[in-house]
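Please read the structure below before turning to the comments.
Index from 1, following the sequence.
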Amino acid sequence: YSAKRARSGWTVYQAELDRGSPRRLNMVGELRQAVEEDQLLLHYQPKVDLRSMRDAGAEALVRWRHPRDGMLPPGAFIPLAEETGLIRPLSRWVLDRALSDGRDLAAAGASPGVAVNLAPDILLEPNLVADVVELLRAYATSPRRLTIEVTEGAIMKSPARAKAVLHALHELGVRISIDDFGTGYSSLAYLKELPVDEVKVDRSFVKDMAVNPRDACIVRSVIDLGHNLGLRVVAEGVEDEAALNLLRTWGCDVAQGFHLSPPLATEGWLRRCRGEADAFEEP
Ligand code: C2E
Ligand code: MG
Ligand code: MG
Ligand code: MG
């Protein structure tokens, strides 16, 4: 990974950084520094295949090791990054690091693929497809090992352009996943028009599935809908054995959640891929 490459990738316009309060400006400055000075890191949460109970991949989740405030979750800085345009260098960094870690894991004889979350603006970034091509080549990685997670909101922001970009990525062999499925304001029509490979049932439906018949009904319906469209269905936020068993009974393909594994530091994910890991907590 080179900071120079991240900077030269997607431009941040100064005007976007100049709005707002001194405190905000300060955080914007810190965040820009974070991207340049390698204060960001990725944790990996396994996506577990429910038939084999083996890892089908992992989702890269960004964190910021803030020099003063300690480890910050994405919710504490992604919105600011999106408002200021810093999401561009940040996303470029995430893609670069996730593919570079993926290459290291493959070299260690382990690791299925990696999934990366893309913010709405990044889906519309003109350089996105070219950059993905460049990074896949740089890390000698098969496109099949990369999954892009996008939300319904990201697609609806500019459906025609999202469609073109997702088709281009899919043509390369990159897998397309719809994240937080069921929570956005969107039409189901895009499922028919877009090259979608996977839907992720949002955690809000999975959470109370065992006690709330309406949530259970929604989850089962999404599983059936996904399967009827030939998609892989992933359930997120699986926090206990009861939820896991229901999902297996209903034929859900993949699950993710604290009950299966928290997000792991790169080293923990590597050890888990090699079969060395017992129990790891998110550091
Ligand atoms: P997401 O893509 O839906 O990611 C799943 C979130 O749920 C992660 O939170 C994960 O730690 C959490 N989670 C996993 N299993 C469980 C569980 O069993 N119970 C509960 N309560 N939570 C669980 P995290 O890491 O804080 O990420 C939050 C969101 O931030 C992500 O939601 C994603 O939308 C965004 N995000 C994360 N990394 C990136 C990134 O690199 N780029 C962009 N643009 N967004 C990111
Ligand atoms: Mg996600
Ligand atoms: Mg999600
Ligand atoms: Mg979610």
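Residues D197 and T147 have side chains not in contact (no heavy-atom distance under 4.5 Å, counting atoms from C-beta outward). Between F77 and L86, the closest side-chain pair of non-hydrogen atoms is not below 4.5 Å. D101 places none of its side-chain heavy atoms less than 4.5 Å from the side chain of L270. Side-chain contact between V219 and L247: present, with at least one pair of heavy atoms (C-beta onward) separated by less than 4.5 Å. Side-chain contact between D253 and D49: absent, with no pair of heavy atoms (C-beta onward) separated by less than 4.5 Å. Residues F205 and D215 have side chains in contact (heavy-atom distance under 4.5 Å, counting atoms from C-beta outward). Considering only heavy atoms from C-beta on, L172 stays 4.5 Å or farther from L146 through its side chain. Using a 4.5 Å heavy-atom threshold, the side chains of V206 and V238 count as touching.
A salt bridge does not link R214 to D208: none of the charged side-chain nitrogens sits closer than 4.0 Å to a carboxylate oxygen.
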Test L194 against I176 for side-chain contact (heavy atoms from CB on, under 4.5 Å), laying out the working first. CA-CA 9 Å; L194 297 180; I176 309 297; over 6 Å; no
K157 vs D121, test: salt bridge (Lys or Arg N to Asp or Glu O under 4.0 Å). Steps then yes/no. CA-CA 9 Å; K157 194 162 182 183; D121 283 347; 2.7 Å; yes
Run the side-chain contact (heavy atoms from CB on, under 4.5 Å) test on L90 and I78 for me, step by step, so that the C-alpha distance in whole Å, both residues' side-chain angles and the decisive distance to 0.1 Å come before the verdict. CA-CA 9 Å; L90 184 151; I78 291 284; 4.0 Å; yes
Take L225 and L231, measure what side-chain contact (heavy atoms from CB on, under 4.5 Å) needs, and give me the verdict at the end. CA-CA 9 Å; L225 173 72; L231 309 177; over 6 Å; no
V114 and R145: CA distance, side-chain angles, deciding distance, side-chain contact (heavy atoms from CB on, under 4.5 Å) verdict: CA-CA 6 Å; V114 65; R145 293 166 53 84; over 6 Å; no
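For the side chain to side chain contact (heavy atoms under 4.5 Å, CB included) with P46, the lone residue among P262, S261, P112 that qualifies is S261. For the salt bridge (charged side-chain N to carboxylate O under 4.0 Å, His left out) with R92, the lone residue among E134, E36, E125 that qualifies is E134.
The CD atom of Q256 sits 10.0 Å away from atom CZ of R203, with the distance rounded to the nearest 0.5 Å. The line from CD1 of I148 to CG of L128 is 6.5 Å long, rounded to the nearest 0.5 Å.
Note: F181 and Y190 have perpendicular aromatic rings, judged against thresholds of 30 and 60 degrees for the angle between ring planes.
Side-chain contact check for W93 and D38: at least one donor-acceptor pair (N or O, by modelled atom type) lies under 3.5 Å.
Using a 4.5 Å cut-off between side-chain heavy atoms of Ile, Leu, Val, Met, Phe, Trp and Tyr, with links allowed through other members, F258 and V254 fall into different hydrophobic clusters.
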